[in-house]
Amino acid sequence: MREPVTAERIQEFMRALAAAAETPGRIFLVGGATSVLLGWRNATIDVDLKMVPESDALLRSLPALKERLEMNIELASPADFIPELPGWQERSRFVQQERELSFYHYDFYAQALAKIERGHQIDRQDVDHLIANGLIETERLLELFSAIEDRIYLYPALDAPSFRRAVEQVVRDAKGDSANSN
């Protein structure tokens, strides 16, 4: 069993991955790694990421890094589970530069929609944190969902009406929370 991945361990991973980089690239951190770096969780079970462009040198380094750092590293992003949101790269928030690699949090809206679709309690808590911290706006979340809704059929495991209901419920809940806090 691998050790939980803390913020310090994510930093160590970023430095180690950057040491393997031969050319400039962007690494987009996803899910638990984002939550840990933003301070909403103490640890996660793995580091999910997307690299742009994909690099043979970096891809080849991942198995050795997994063993040396004793952490699970997965190539996974919201676009593996829901249609890619327009403008996701531009909305991705910069984390830090390590040598040739620029690290970003994958677009918070895309992460929120993927988490809403997945529906786990911890994912819903992450979405609530994104909203409460002003990292996503609920009306924009609905707009971006509408922008991908006609491509949900490309993901046969998804049910578009259920997904829409879940997004709308998050928006209603957020509006109820903000009305209760006033």
Side-chain angles (χ1 to χ4, degrees), residues 4-5 7 10 13-14 17 25-54 58-59 62 71-95 102-175 177:
V5 181
I10 295 169
F13 164 74
M14 289 190 286
L17 186 63
R26 290 171 290 155
I27 305 298
F28 297 89
L29 301 171
V30 181
T34 287
S35 297
V36 169
L37 289 176
L38 292 174
W40 302 332
R41 295 192 211 163
N42 292 328
T44 185
I45 59 170
D46 58 16
V47 174
D48 294 337
L49 63 91
K50 178 175 181 69
M51 57 180 75
V52 176
E54 284 193 350
L58 293 180
L59 291 169
L62 291 178
M71 77 174 49
N72 293 321
I73 302 166
E74 303 293 334
L75 296 174
S77 74
D80 295 325
F81 306 100
I82 64 170
E84 186 172 276
L85 269 62
W88 73 268
Q89 287 192 50
E90 294 78 15
R91 283 189 307 275
S92 295
R93 181 191 267 185
F94 180 74
V95 175
S102 300
F103 290 86
Y104 295 84
H105 292 295
Y106 197 103
D107 174 33
F108 294 135
Y109 287 98
Q111 288 197 56
L113 287 171
K115 287 173 176 288
I116 291 167
E117 191 286 318
R118 201 162 82 162
H120 297 146
Q121 182 179 355
I122 194 149
D123 290 328
R124 178 57 194 268
Q125 291 169 351
D126 289 343
V127 173
D128 291 344
H129 282 296
L130 289 167
I131 294 167
N133 287 281
L135 298 173
I136 63 172
E137 298 172 354
T138 56
E139 292 306 314
R140 183 72 174 132
L141 186 68
L142 272 174
E143 288 171 14
L144 288 167
F145 174 80
S146 294
I148 64 166
E149 193 169 15
D150 67 343
R151 291 181 293 134
I152 290 175
Y153 75 92
L154 296 169
Y155 296 74
L158 299 184
D159 178 66
S162 297
F163 191 4
R164 173 169 276 286
R165 284 191 299 275
V167 172
E168 290 171 345
Q169 185 63 53
V170 166
V171 170
R172 279 192 303 277
D173 291 349
K175 287 181 179 179
D177 288 347

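Below, all heavy atoms of this structure are taken into account, side chains as well, without hydrogens, waters or symmetry copies. Residue indices begin at 1 and follow the sequence shown.
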Report task. Mind running side-chain contact (heavy atoms from CB on, under 4.5 Å) on Val36 and Val5 for me, showing each step along the way? Result -> CA-CA 8 Å; Val36 169; Val5 181; over 6 Å; no

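- Taking Pro161 as the reference, Asp159, Arg165 meet the side chain to side chain contact (heavy atoms under 4.5 Å, CB included) condition, with sequence neighbours excluded.
- Atom CG of Leu29 is separated from atom OG of Ser92 by 10.0 Å, given to the nearest 0.5 angstrom.
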Query - Working for side-chain contact (heavy atoms from CB on, under 4.5 Å), residues Leu75 and Met51 - result: CA-CA 8 Å; Leu75 296 174; Met51 57 180 75; 4.2 Å; yes

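- Between Trp88 and Tyr106, the ring planes are parallel. Angles under 30° get that label, and only those over 60° would be called perpendicular.
- Judged as a salt bridge (Lys or Arg N to Asp or Glu O under 4.0 Å), the pairs with a partner in residues 131-149 (not counting sequence neighbours) are, in order, Glu139-Lys175, Arg140-Glu143, Glu149-Arg164.
- Counting all heavy atoms, side chain and backbone alike, Ala33 lies closest to Val47 at CB-CG1, 4.5 Å.
- For residues 43-54, there are no salt bridge (Lys or Arg N to Asp or Glu O under 4.0 Å) pairs, not counting sequence neighbours.
- Leu130 places none of its side-chain heavy atoms less than 4.5 Å from the side chain of Leu141.
- Each salt bridge (Lys or Arg N to Asp or Glu O under 4.0 Å) pair with one or both residues in residues 29-38, not counting sequence neighbours, would appear here, but there are none.
- Each salt bridge (Lys or Arg N to Asp or Glu O under 4.0 Å) pair with one or both residues in residues 78-92, not counting sequence neighbours, appears once here: Arg91-Asp107.
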**Report entry** Audit row: Arg124, Gln121, side chain to side chain donor-acceptor pair (under 3.5 Å) steps and yes/no
**Finding:** CA-CA 5 Å; Arg124 178 57 194 268; Gln121 182 179 355; over 6 Å; no

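- For the atom pair CD1 (Ile10) and CG (Leu17), the distance works out to 13.0 Å, reported to the nearest 0.5 Å.
- Here CZ of Phe108 is found 14.0 Å from CG of Leu113. Values are rounded to the nearest 0.5 Å.
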Query raised in the report: Under the side-chain contact (heavy atoms from CB on, under 4.5 Å) criterion, do Ile73 and Leu49 qualify, and how do the steps go?
Result: CA-CA 8 Å; Ile73 302 166; Leu49 63 91; 3.9 Å; yes

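- Taking CD1 from Ile136 and CG from Asp128, the interatomic distance works out to 9.0 Å, rounded to the nearest 0.5 Å.
- Looking only at side-chain heavy atoms (C-beta outward), Met71 and Phe13 come within less than 4.5 Å of each other.
- Under the 4.5 Å side-chain criterion, counting only non-hydrogen atoms from C-beta, Leu158 is not in contact with Phe81.
- Note that the CZ atom of Phe163 and the CD1 atom of Ile148 stand 5.0 Å from one another [nearest 0.5 Å].
- Scanning all heavy atoms of the two residues, the minimum distance from Val127 to Ala112 falls at CG2-O, 3.7 Å.
- Ala114 and Pro78 make their closest contact through CB-CB, 3.9 Å (heavy atoms, listed as atom of the first residue, atom of the second, distance).
- Classification of the Tyr104-Phe94 ring pair by plane angle, with boundaries at 30° and 60°, yields perpendicular.
- Within the 4.5 Å cutoff, the side chain of Ile131 has no heavy atoms near those of the Asp173 side chain.
- For residues 34-43, every residue pair satisfying the side-chain hydrogen bond (donor to acceptor under 3.5 Å, both in side chains) rule, not counting sequence neighbours, is listed here: Thr34-His105, Thr34-Gln111, Ser35-Asp126, Arg41-Asp126.
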Query raised in the report: What do the steps show when you test Phe145 against Ile116 for side-chain contact (heavy atoms from CB on, under 4.5 Å), and what is the final call?
Result: CA-CA 11 Å; Phe145 174 80; Ile116 291 167; over 6 Å; no

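- Contact of the Leu135 side chain with the Leu38 side chain is registered, since non-hydrogen atoms from C-beta on lie closer than 4.5 Å.
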